[in-house]
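This chain uses plain numbering: 1 for the first residue, then up along the sequence. Quick note: numbers below take in every heavy atom, side chains included, and nothing from hydrogens, waters or symmetry partners.
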Amino acid sequence: VEAFCRVLEEPEFYSLSAGIVLQAYLPDSHEIQKKLTHWAKNRVQNGGAPIKIRIVKGANLAMEQFEASVKGWPQAPYPSKVEVDANYKRMVLYGCIPENARCVHLGIASHNLFDIAFAMLLRLENQVQSYTVFEMLEGMADHIRRVVQRLTGDMLLYCPVATASEFQHAIAYLIRRLDENTGPENFLRHVFGLRPGTESWDTQTAIFSQSCDDIQSASSEPRRGQNRLLEPAPLDTHAPFENEADTDFSLPQNRDWALGIIENAKKNRPDPIPLVIGGEEIYPNQDGVGYDPSHPVKPLYMYAKANKQHIE
């Protein structure tokens with residue numbers, strides 16, 4: 001997001017209308033949407049071009065869960081599908097406010113019939129049809145695409161492209177999409193044979209209704225709040241072993257922590273490192289010299305080396 005804004009603030013790109021994708025399964029996406037909208041309004045007011053935001057629900061949940069598991073972090077996306085759907089609707093509602101839509105055009109990307117119908121009605125009520133477009137993946141749910149295109153008059157299709165020599169990457173992508181679409185919570189798993197009165201219909205309408213109820217209450221705070229600047233909480237000595245989580249350097253407070261360590265190291269020379277034998281500290285006599293790998297020409301610290309007498 002920062003790179004997107006900084007590039008478009010360059011004078012040569014001020015008249016360029018560019019787009020960015022926000023994933024609703026990340027709780028902080030709505031706050032980012034609001035910041036981008038505020039930025040875009042100022043841009044348009046000063047003679048710049050509007051921008052576009054494509055709103056999707058999310059595309060890499062399995063990868064997110066794997067990364068979180070390996071690194072010991074909470075998963076960044078919401079833990080439940082209802083929360084994702086609620087945040088998606090919240091973002092569509094905000095994006096369809098007329099004064100917002102004029103500066104931030106909206107790509108509403110979904111294959112969920114309920115969410116598409118929600119967005120179709122909303123953009124008609126707010127008269128923002130010229131600023132919004134429905135978007136779908138080529139080759140997925142074509143029957144839904146045809147109906148939406150016929151009713152709205154527009155449709156943007158996007159698809160992955162790969163050269164023949166890199167076709168294995170396209171296969172990997174398609175397998176991932178197949179895996180997602182057959183997941184028990186994915187709408188497309190239930191779309192075949194979806195009819196009013198069926199169990200699938202009742203389940204999907206219940207999810208839709210619940211997500212509408214949760215639009216205001218769904219969290220918009222990031223799920224990762226690790227802060228290395230704070231003292232770690234004391235641990236129960238009887239607790240089972242658990243690895244310390246990796247430091248999440250995508251968080252600004254952790255970057256500040258790391259920079260503080262670097263600045264402190266620049267100012268403070270490490271004390272000489274002694275041997276400890278029988279509780280007695282034996283300090284070095286210029287025998288061990290340590291160097292900073294990032295500045296190897298200047299000695300950084302001294303350390304004691306053990307001789308045969310010390311070992312005895």
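Shown here are the salt bridge (Lys or Arg N to Asp or Glu O under 4.0 Å) partners of Arg6, two or more places apart in sequence or in another chain: Glu2. Every side chain to side chain donor-acceptor pair (under 3.5 Å) that Glu244 has, sequence neighbours left out, goes to Arg228. Residues satisfying the side chain to side chain donor-acceptor pair (under 3.5 Å) criterion with Asp271, sequence neighbours excluded, are absent altogether. Residues satisfying the side chain to side chain donor-acceptor pair (under 3.5 Å) criterion with Gln204, sequence neighbours excluded, are absent altogether. Evaluation of the salt bridge (Lys or Arg N to Asp or Glu O under 4.0 Å) rule for Glu9 yields no partner, not counting sequence neighbours. Legend: residues meeting side chain to side chain donor-acceptor pair (under 3.5 Å) with Ser250, ordered by chain and number and at least two apart, are Asp248. Under the salt bridge (Lys or Arg N to Asp or Glu O under 4.0 Å) criterion, Asp28 pairs with no residue at all, not counting sequence neighbours.
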### Query
Checking salt bridge (charged side-chain N to carboxylate O under 4.0 Å, His left out) for the pair Glu83/Lys57: CA distance, chi angles, key distance, verdict?
CA-CA 11 Å; Glu83 291 173 293; Lys57 291 191 178 176; over 6 Å; no
### Query
Could you walk me through whether Tyr14 and Glu12 pass the side-chain hydrogen bond (donor to acceptor under 3.5 Å, both in side chains) check?
CA-CA 6 Å; Tyr14 212 62; Glu12 62 184 303; over 6 Å; no
#### Entry: Test salt bridge (charged side-chain N to carboxylate O under 4.0 Å, His left out) applied to Arg195 and Asp202, step by step
CA-CA 9 Å; Arg195 300 284 185 277; Asp202 292 341; over 6 Å; no
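Side-chain atoms of Arg123 come within 3.5 Å of backbone N or O of Thr132 as a donor-acceptor pair.
Among residue pairs with one or both ends in residues 72-97, those qualifying as ring pair (Phe, Tyr, Trp, His ring centres under 6.0 Å) are His30-Tyr94; sequence neighbours excluded. Pairs engaging residues 288-310 under the salt bridge (Lys or Arg N to Asp or Glu O under 4.0 Å) rule: none recorded [sequence neighbours left out]. Sorted by first then second residue, the ring pair (Phe, Tyr, Trp, His ring centres under 6.0 Å) pairs that include residues 196-228, not counting sequence neighbours, are Phe114-Trp201, Phe114-Phe208.
Grouped by direct or indirect side-chain proximity (heavy atoms under 4.5 Å, Ile/Leu/Val/Met/Phe/Trp/Tyr only), Trp257 sits with Leu229, Phe249, Ile261. Residue Ile175 shares its hydrophobic cluster (ILVMFWY side chains chained together at separations under 4.5 Å) with Phe167, Ile171.
Under a cut-off of 6.0 angstrom, the local environment of NE2 in His38 is sparse, with at most 12 non-hydrogen atoms contributed by other residues, nucleotides or ligands.
Side-chain N/O atoms of Ser165 and Thr163 include a donor and acceptor closer than 3.5 Å. Residues Arg90 and Asn87 bring a donor and an acceptor atom of their side chains to less than 3.5 Å of each other. Side-chain contact annotation: Gln210 with Asp214, donor-acceptor N/O pair under 3.5 Å present.
A cation-pi contact, defined as under 6.0 Å to the ring centre and within 45° of the axis, links Arg54 to Tyr158.
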